[in-house]
Structure formats: structure tokens, C-alpha cells
Amino acid sequence: MNDNRYIIFNQSLIGAAHVSKGLICQDASVSCAYNEYYIAVVSDGHGNRRHFRSHVGARIACDVTVEQIKKYIDGGLELVELKQNICDEWKHSVNKDFENNPWTDEELEEQRRILSEDDYTDLLKGDSHTLAYGCTLVAVFTDGNGYTALQIGDGSFAVVDLKGSYSWPMPESKYNDGNKTFSLCASDPMVDFRHVIDMKKTAALFVYSDGIEKAYPNEEKGIISLLFWILSEYRSGKNEKEESLNNTLQRITDSSRNGDDVSIAGIIDNKAEITRPQLSVAQITREYETLDAQINEIDNTISYNQDRLNELRNDRSRDNSESIKQIESIIERKKNEREQLNLKRTFWKEKCTISNPSTKDSISNDEINTSVNAKNKEDNPCESNNMPDTSVPMKESKDCYLEKAVCEYRIDKKNSLKNVGRFGSFKGYLDINNNNLSITKAPVFNGIIQRASEQYLCELLKVSKPVLVLNRERVKSINKALAYKMEWRVIEFDDKEMAVTSAKNVIADIDKWYESTLGSGD
Amino acid sequence: MAEDKNEYWDYESEFFSTFGEESLSETVPASQIKPQTASDRRILDIFFVIDVSGSMRGTRIGQVNYALENIFKELRGKEDMNSVMKVAILEFCNEAVWKTQSPILLNDYVFTPIDVYPAYTCYGKAFDALEMKLHKNGFMDPNLGEYYAPLILFISDGEPTDLKDYPRSLQRLKSNAWFKKSTRYAIAVGEDAKTENVGRILSEFTDERKNVRYADEGAQLCDLIEFIAIKASEVQTSMVSKPVGENYSDKPQSIFETEDDALFSSLFKG
């Protein structure tokens, strides 16, 4: 245990909003080692004034959780008993704290102001005292050969694997949403007591409160950057790492929308090779789609303001010069913003197209370098559309659009079907409708039509993988992540007309192929 | 750390723009990590659904225009580092038309007065147009960020003329998830709107009778619109964390404590 293999840490910091309201930190956290195991726990006391002792509740939650995990490690408990014991012991300790520290006059005075008469009577009788201690819980423990994580209410549990992938494997609560969370103070907290067990080795395990989650939503690049930074900082062995983390948490709460308390605890493998963060294809896709949505919104804003501008310029009945000036400046500003976002989008577009996750679901450095080299080497119109997979022989430039125009995937059951029942019960179709080429209907990615199409398309195009072409105008409704999962290359096109013309040629060939190879279907 | 780290981070500088590329290196103190950008702020969408039928002509639409202009100026000052407000205006008469293709940030919105048209008051058209946009493929695009419960303010000065059609539209609207989540207020303007039918429909629209208010066509209308929009937007953005299973309402509280006597006493008690 004491071989310095693992680094454990925990920090809780009062939120900026709580400081300004004169409250105290309602979060608690703990990390410790026990026998061959390492434990990290975070508990977040509820912020509502009704839960006026939630800071005590959170501290108790951390203590009883560590105590019960130790019992579990010693082999004295089943997992379900561990969970039940944590709930029971928390209530027991809260009862004890209440017995030793009855409500103060100050507390009662405040509650009298905010509670209904009935609720206040219950509080006086001591019937609802656990409510005052309400808090959430998220904990993890490991011996280095896998981990067990537990959670009630909001907060997050993140895993960094040995390849540098970041994941949030805890099942989602059915009860949490933006403004509410399940709680240890609920009448039956076991209802939301989730757990996850994995026997894989990991590079780091983190548990953190929703104060961090709200500032940096799970699975996005912000939180990945933060966790990677913490991991690197602690691995560096610097003396001031605690202080650095404290400063970082301070900045997070200062800049977050809620100014909530922030807590994080973690277990870091000091010997595992540090691997750079790898974004999953879903993460890349999300990033790209966010930019797309933002650009779309800016376009709408520009278009709205442009219309207003025209109206005002044509309106001779009053002096609109002030409004015209304002609108012109807005249009100018939005155009600049659009340009910036476009640059970013180009960056992510490259990522989307170079990701082509043929054997894995994230981008490696090699792939990035390959793409950069490919870009530098050739000055082919295709290059601007980023198809640098060197395993695929580049076709003549006139065929580039053909390749890109192979198919556009849409879920639209209204299209006429070309039955390919030969592939079992599945009915797929290939159709051109409304100038858009579809390749199958849902469930498109069941593997059957995909294999059939793939075989033909690869043959036709002399490529190793088919290409999914997305018309940017329609890209919103498409779950590109699924396409990535199926290892199809995804390319978006702007020149719809050209792509569709080429697509029509391809579809004619596909029809011929189906007739010759598959007969009439059934 | 691997030797090619710098190359990687150079390439990924955009990727880690949240923090800034350099702050991820071991030499830059954590205190230089950048805070959230403006687009990370939570969005409050405010939808104004405004009757532009002929009866609104004159003082009524004048007061609405005056109020909206003031509201936008006022609300700009209410935005903070945590929230950002967007507005969209739906004008309805025989047809319902959104003035903007998507909600527009207050900062990017210059108010231009609303006109009226010699046409009927079709509530159903307004309900349909609203329903159509209260989806993730409409105005509530999750790619743009997280949303507060939207705020909807409905203003009309008369009974619906599409008596056969509006109930179905309202029913459909009421099953819309974002609509259910939203906070709604309605203002009945002028004597013609002071009817049992309007009171009932608007109560059904808002789900709360106290959120239906009456205003005459004078300055009271302007004040009421301003009061609701500004006060309610404050309430919408001040939601705090609450535990499940306790006696808390999921929705923000109404800004009104009691029903509007001017409207309901004459309609239901009179």
C-alpha cells in the first residue's frame, strides 16, 4: 500500500455564491488508503435553506461511507448491504447529531419564515429533521485491479483508462434534472443508490460534485481538459499541487453560473503511463454539431437584422438612422463571430473526416499526423474535403464528388422502398427522393444492409470503406455518432447539386447491381 | 510525458481552447485557466405571443410596442455571467408568424415596432406555431446549451375567432414537453377580452389563473407587460438545487400571489 503507486487527494471549496450569501461550504470530501485499497468520497449538501444543516449531513455522509467501505473491503458485507448500511448509518448519525444539537433559536426563526405552518410544526416535533441534513453522495474505491463506485443524487464519477479515454460509466439517475436531485435524506434513498463495478485497470478515478459538473458538463472537452490537468499536476509531484488545485477550483466557482460549492476527490495511478486525452467520436461529433448550431443561429440573427435593416431603410415616414446604425453594427459583429466559428468548424470538420475510426473509436496522434502529411503533400480538390486515409487510393478528381456522393442517410419511411429482402427480414431501400439520396431506412445500422451496401459500394468505388455523405442542410437530424460507430467515413458537402447529380449516377449503377446480384428480392 | 506532447497540444490548441493550450503544460499555473465563455451561459428563452388583429390597432399595439422596447433595454442589464436571454416574437391574427427564425440574443436584437393587420384572432394558429418551435429541432436546440424553463407571455384583446380549431391546437400544445416545463403568463387587453371564454382559455393556457391578468389599453398595459417580463425572467433564472421527493414545486413560482380580481371577480363571481 505504501509503495507510492497511487496518489489520493480531495478538496472542497466554498462557492462564490455561498460566500456572498454568508453561507458556509456545504460540500465535504475525503480520500484515504485502507489495506490494499484507496477510497475517494464527495458529498454535496443541498443548497436550499430548508436543508440548513446539509454541511453536517455531507460530512457525516463522507465518514459513514468510508467506514462502511472499509467493512466491505474486509469482506464483512455484500454490495447491497454496503449500500443499505451507508443509508442506515447516515440516518443514525444524523439522528445522533440532532439529539446532541437540537435546533437553535436562530435556525428555528429562519425556518419559521420560510416554511408552511404544517412543515414548521413537523420541524418542531422533530419529525422531519433528516431533511435539514440532506446531501448527495458519490464514492469510488479501488485496489488497482478494477474499481467500485457508488452514487446517490447528482455529482459525477469519471474514469480515465490506460489509453487516455475519459468515460462517465455511472448509470444516470431517473430522478435528477437540472434543478433537483435525489438525496440521502429521501424516505428511501436506496431507490436511487446506483453503482458501477469494473475490473479493468485505470489511470485515474475521479468523483466530483455538481458544482464542477455545472461548470464543465460531463463528457465534454472542458472537463476532460480539467481532469487531465489535475492528473498531470498530481503526477508531476510538485509541492504546490494542492494550492494549484485550490486556485483552479476557486476559478471554477467564480466563473460558473451557480457559484456553487465545488468538491473533487480522486485516485491516480502514479505508475501508469500518462496518455494524452483521446476524444471519442461521439465527443468530436458533438463539438462539431454545437458549432454548426451556433453558426446557424448567427445566420438567423444576421438574416433577421438584414430584413429589419431593409425595412428601416425603406421606411421614409420617420428618422430611423439610430436604429439603422445599431443594426449595421450588430450585423458586422455577427459576421465576425461567424468567421471565427467557421475557422473552428473547419478544425472539427477535419477531425470528423480524419477520424474514420476503422479500428478504434478515438483519434490517435498517428492519424492526426497522417492527415497533416497528406494535406501537405497533395494539392487535390479532394484534400479540401479531407479524405486523407492513405490506405484508400485517391481517385481522379472528377470522381471525387462521386465518391462523396455515394449516399445520404435519412430516416424517412415515406420513401418508396426497394426491397432487398434477400438479407433476411430486413427491408432496406435505395432511393432518390427530393434530391436526396437515401441508403436505408431505420434501423439503418443493424449491420445487415450495412454489410450488403458496403460490399457493393466498396467494389464500385474501389475504397475500403463506404462514405456517408451528409447534406449540411440536413445534418441536424442525423446521428452521426452512429455512422462513426459503424466505421463509415463521414463527409459533408456544400455543393448539393453536384453531389446529387453524381449520386444519381451511382444509384443507377446500384440498381443494376442489385438486379444482377440479388434478383428481385424476396 | 511523451516527447511529442507539444506537437499534439499545438495541433489541439483549438480543442483545448476552454483552458488555453498553455495552461495544460506543467509550467503554467492553474490560476491562468480561463473561465467559461459567453456561450456556456444558460439560456432563458422569452417568447412573446402577440395578437396583431385589427382590434389591437391604435393605443393597444402602441402600448405593447412601447413596453417591448423598454423591456429589451431593461433585460439587457439583467443578464449576468451565468445566464443569457434570447427573445422571439410570435405575431398572430389569421396566421401566426415568428418575427425571427430562431430566438435572438438580446444584445443582437434591435426592436422594431409591431404592426397590426385587418384580420381575425385565431388562437389556434398561435398555439400551433408555438408548438412547432418548442422542440429540440426548433427553438430548443440542445447544441446551443442548457436552457432554463422558457417564459411565454401571451397578449390578446379578444375572444378567439377560430372557436372550432383552437381547442385541438391548445390540447396539442399542452402535451408538448417544453410547453409543460415553461412558465406562462397571459394578458387580456380591454373590455372585449373581459369575457368568461377568454378567462377560461387563458387560464388553461397558463395553467394558473393567477397568471392571467387584465389590463385596460392605457399605460396599465405597458406597465403590466414590463412587470411580468422583467420580474418573471428574474424568477426563471433563480432556480436552485432541490431534492426530489420533497414538497417542492418543479416550476418557478408565479410572480403573482393572488388572482386578478379585475378580471376574475367580474367573470366568475359576478
Side-chain angles (χ1 to χ4, degrees), chain A residues 46-48 51 119 131 134 153 175-176 178-183 185-187 210 215 221-222 225-226 228-229 232-233 236 244-245 247-248 251 254-258 260 274 276 279 289-290 292-294 297 300-301 303-305 308 311-312 323 326-327 330 334 344 347 365 368 372 476-477, chain B residues 1-2 4-5 7-9 11-12 14-19 23-26 29-36 39-42 80-83 86 99-105 107-112 137 141-149 239-248 250:
Chain A
H46 303 320
N48 191 290
H51 309 285
D119 286 345
L131 268 183
Y175 305 95
N176 296 347
N179 294 315
K180 55 186 185 179
T181 170
F182 216 83
S183 169
C185 72
S187 52
D210 73 331
K221 63 184 194 305
S225 309
L226 175 66
F228 179 66
W229 176 81
S232 311
E233 198 71 1
S236 72
S244 282
L245 179 58
N247 289 340
T248 304
R251 287 184 68 86
D254 285 349
S255 60
S256 81
R257 62 173 71 101
N258 296 42
D260 202 357
I274 289 193
R276 294 170 226 94
L279 280 193
E289 286 181 343
T290 300
D292 233 20
Q294 286 172 354
E297 190 186 39
N300 286 340
T301 304
S303 141
Y304 168 78
N305 280 298
R308 293 286 84 76
E311 273 174 27
L312 291 175
S323 299
Q326 275 183 33
I327 293 178
I330 289 172
K334 296 314 277 186
K344 276 191 186 178
F347 176 88
N365 213 24
I368 291 167
V372 173
K476 268 190 186 171
S477 63
Chain B
M1 303 290 282
D4 56 352
K5 187 190 93 173
E7 188 188 342
Y8 180 79
W9 290 124
Y11 193 82
E12 295 288 316
E14 187 61 43
F15 159 28
F16 283 113
S17 61
T18 314
F19 275 12
S23 64
L24 286 155
S25 78
E26 291 166 349
S31 55
Q32 287 184 16
I33 287 177
K34 291 177 193 166
Q36 298 281 81
S39 62
D40 296 321
R41 294 184 294 178
R42 202 168 177 185
D80 57 25
M81 59 189 292
N82 303 321
S83 60
K86 293 183 185 176
K99 278 193 88 167
T100 57
Q101 279 175 293
S102 60
I104 291 195
L105 285 167
N107 270 342
D108 301 334
Y109 195 95
V110 175
F111 179 73
T112 50
N137 292 331
D141 187 344
N143 287 317
L144 293 171
E146 275 185 69
Y147 292 85
Y148 290 106
M239 296 285 285
V240 291
S241 190
K242 294 169 180 177
V244 174
E246 309 309 333
N247 290 326
Y248 294 110
D250 282 349

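Protein chains get the first letters and strands the later ones, always in sequence-line order, with residue 1 at the start of each. FYI, side chains are in, hydrogens and waters are out, and symmetry mates aren't considered; it's all heavy atoms of this structure.
- The part of P103(B) that comes within reach of chain A is its backbone (N, CA, C, O), which places non-hydrogen atoms under 4.5 angstrom from that chain.
- Atoms CG and CD, from N143(B) and E297(A) in turn, are 11.0 Å apart once rounded to the nearest 0.5 Å.
- For the atom pair CD1 of I330(A) and CG of L105(B), the computed distance is 10.0 Å after rounding to the nearest 0.5 Å.
- For K99(B), the parts sitting under 4.5 Å from any heavy atom of chain A are the backbone and the side chain alike.
- For the pair D108(B)/K334(A), a side-chain contact is recorded, criterion being any heavy-atom separation below 4.5 Å from C-beta on.
- Residues E311(A) and T112(B) have side chains that never bring a donor and an acceptor to within less than 3.5 angstrom of each other.
- Taking T100(B) as the reference, Y304(A), A88(B), I104(B), Y109(B) meet the side-chain contact (heavy atoms from CB on, under 4.5 Å) condition, with sequence neighbours excluded.
- The distance from atom CG of D292(A) to atom CG of D141(B), rounded to the nearest 0.5 Å, is 9.5 Å.
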